[in-house]
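To start, the structure itself, in structure tokens.
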Amino acid sequence: MRERPPKNRHHYVPKFYLRNFGNSDHSISTFSCTAEKYIENASIKSMCQYEKLYGKTDELEDILMVSEGIFAKIIKSTITNNQIPKENAGDYLFFILQSNARTLKKAKLLEHKMKISAQTYLKMNLDFKKKFPAFFS
């Protein structure tokens, strides 16, 4: 069995979700705030993603892919039938909570908290201070 390449682009808005607003399965219209221009057919692959957002391994990305497959079917059914299936109301709530938790803002906040925690730990560890005094200057 061939080993698959690692996923470098971790999307904080699932691609299946973006496709529902796109021009095709591969593109979506967007406005680039940094370039200050409208892009009619931007690649969905490059939208709402950040390199290695969920870490250096694909473990979390793989878990999210499984739930995205479930959510994609439910949302497609909702769009087709023009109503949320009652049996999937809880799934929608979970999708909303999961989507909120995986935003870029949350990731940056988590990264910041981890950095502060690591720095606090390292400041308390006297051996580390002695080995790497420049880190604390």
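Taking CD from Glu61 and CZ from Arg9, the interatomic distance works out to 12.0 Å, rounded to the nearest 0.5 Å. Taken from CD1 in Ile39 to OG in Ser27, the straight-line distance is 11.5 Å, to the nearest 0.5 Å. To the nearest 0.5 Å, the span separating NE2 on His11 from OG on Ser46 amounts to 7.5 Å. From Leu64, atom CG reaches atom CG of Asp58 across 11.0 Å, with rounding to the nearest 0.5 Å. Atom OH in Tyr12 sits 9.0 Å away from atom CE in Met47 (nearest 0.5 Å). Between the CG atom of Asp91 and the CD atom of Gln98 there is a distance of 11.0 Å, given to the nearest 0.5 Å.
With hydrogens and angles ignored, the 3.5 Å screen pairs a side-chain donor or acceptor of Thr78 with a backbone N or O of Ile74. With Asn41 contributing its side chain and Asn23 its backbone, the two residues share no donor-acceptor pair below 3.5 Å.
More than 12 heavy-atom neighbours from other residues, nucleotides or ligands sit within 6.0 angstrom of CD on Glu87. Residue-environment remark: NZ (Lys45) stays at or below the threshold of 12 foreign heavy atoms within 6.0 Å.
Cluster membership for Leu97 and Phe16, using ILVMFWY side-chain heavy atoms within less than 4.5 angstrom, is not shared. Under the 4.5 Å side-chain heavy-atom criterion for grouping Ile, Leu, Val, Met, Phe, Trp and Tyr, Met65 is not connected to Ile75 through any hydrophobic cluster. Grouping the Ile, Leu, Val, Met, Phe, Trp and Tyr side chains by contacts below 4.5 angstrom, directly or via other members, places Leu18 with Phe21. No continuous path of ILVMFWY side-chain contacts below 4.5 Å connects Ile96 to Phe71, so the two sit in separate hydrophobic clusters. Linking Ile, Leu, Val, Met, Phe, Trp and Tyr whenever their side-chain heavy atoms come within less than 4.5 Å leaves Phe94 and Ile63 in two separate clusters.
Donor-acceptor pairing under 3.5 Å is lacking for the side chains of Ser99 and Tyr17.
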